[in-house]
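Starting from 1, each residue takes its place in the sequence as its number. Values reported hereafter were calculated over all heavy atoms of this structure, with side chains retained and with hydrogens, waters and symmetry mates removed.
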Amino acid sequence: MSTTASAPPQQGAPVITRFAPSPTGELHLGNARTALFNELLARRTAGRFLLRIEDTDSERSQDLHTRAQIADLRWLGIEWDAGPDREDGRGPYRQSERGALYARELAVLERAGAVYPCFCTPLELSLARRTQLAAGRPPRYAGTCRELSAAERARRLTAGVPATLRFRVPAGERIEFTDLVHGPQSFASDDIGDFVVRRADGTAAFFFSNAVDDAHMGVTLVLRGEDHLTNTPRQLLILTALGLAPPRYGHVALLVGADGAPLSKRHGAVSVREYRERGYLPEAILNHLFRLGHSTPLHGLLTLQEMARAFDPAHLGRSPARFDEQQLNTWQKEAVQRLAPAAARSWLGGVLPPGLDEESASAFTAALLPNVLLPEEARPWVEIVFGGLPQLEPAAAEVVRAAGPGYFSAAAAAAARAGSDLPTIAGAVRAATGRKGAELYMPLRVALTGRAHGPELAMLLKAMPAGKARERLARFA
Ligand code: GLU
């Protein structure tokens, strides 16, 4: 048996892609990348991108995870043309609502004799598995229930013995397809054990519902994690048995951490939520993900539209893609610099003092933006600018002492007249003391902030509440 074409999608031929998360936890960065690549594949060909929630495993799936994953995708700026919140007649897009379709298709397989009930208990299966492993054989279903007589099957079913439904894998065939990333693939059907398509509780199993949905939803290209590569021959068998058209498949290399191991909690933050909560911007995350396992000659921060134009499936790599927070930080820096003033204010909003007036908030944000990657890094400066009198570092105290009281009485008097305008204050001090350059500005900086270094002084001063600057200067007069 042989299926599917090999060429990457032509820019002109619309492809239908999908992202099919299981709502068993948070949106992992690896899944976010899969979603992104699938959206880009659809957009670059003016195709369609679908969101399907794979929640047939009712024990592990939770609606709160569905909602959270959808919110994270939206926050990233990923958009689907149809999904559980955007039905278009080809859904429903939640597998838990597609039971009737699965039952119909399973009945087709039953009528064709392509499946059979399996009464093996989980304990029996795990013992058989262990025996095979101990003998150095790959574990697969031994076929215990494959050849039960019709009478025996009927007897057990009538007696209510729990049964799964297994797909009868044909013997002696090769299942071949060309993977978009890994090229030609060939699997011997004899290496594939009969697998479960319906669980004992009556729900459709992953191999089955996933493949059937792709076909029924008109998906033409499935791009997913490499961990699914060996599932593909099973899914092709199911589709062939049902007479449904298979999509093309591509399997992207998994994300790994700095140590080369699959990216997991061990490496620190791995969910989109964690990065969002720390103040990473969606543009930064998307730009890092875009270049993980996908090479592009384009430098600089790209918008989703630019990514869609530049995305090239021929440039998907086979080697594991390394998630690198340093690299993410480079994109974050660029994304922060590009924030429009209002967006920057709301990005820093969580660390600004409550009730801060618009003008101070804007000045503070403008001062801090070039100096921080994450809002949390602005917090010490919130304390310095809006809090009590700052403690002077020892070197700063020396600068203040050397400037002397005359310097500061001129500065405080100017601040009383001109408020928080740095050029006016500096002009008055220059006139009174003859100081220039760093000699002129450094004592002002340390008296006002307690530190010799920091964000642009004129902006910090503008952000400081009226009276505070005067008080800080006057204390050394
Ligand atoms: N629900 C599966 C997963 O999250 C989907 C696999 C696929 O994309 O086909 O791994």
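Within a 6.0 Å sphere centred on CD of E79, heavy atoms belonging to other residues, nucleotides or ligands number 12 at most. Counting non-hydrogen atoms of neighbouring residues, nucleotides and ligands closer than 6.0 angstrom, the CZ atom of R475 exceeds 12 such neighbours. More than 12 heavy atoms of other shown residues, nucleotides or ligands fall within 6.0 angstrom of atom NZ in K468.
Taking the side chain as every heavy atom from C-beta outward, R140 and I192 never approach each other to under 4.5 Å. In this structure, E283 and L339 have side chains that are not in contact, with every pair of non-hydrogen atoms separated by 4.5 Å or more.
A side chain to side chain contact (heavy atoms under 4.5 Å, CB included) with F167 is found for exactly one of F208, Y141, F195, namely F195.
R199 and T203 share a side-chain donor-acceptor pair at under 3.5 Å.
Under a 3.5 Å cut-off, the side chain of R445 and the backbone N or O of R451 do not form any donor-acceptor pair. Looking at E87, its side chain never comes within 3.5 Å of a backbone N or O of D85 through a donor-acceptor pair. When atom types are taken as modelled, the side chain of H251 and the backbone of D227 share no donor-acceptor pair closer than 3.5 angstrom.
Salt bridge R43/D81: present, at least one basic N to carboxylate O contact under 4.0 Å. Of the charged side-chain nitrogens involved, none lies within less than 4.0 Å of a carboxylate oxygen, so that R224 and E54 do not count as a salt-bridged pair.
Checked against the 6.0 Å centroid threshold, F311 and F37 count as a close aromatic pair.
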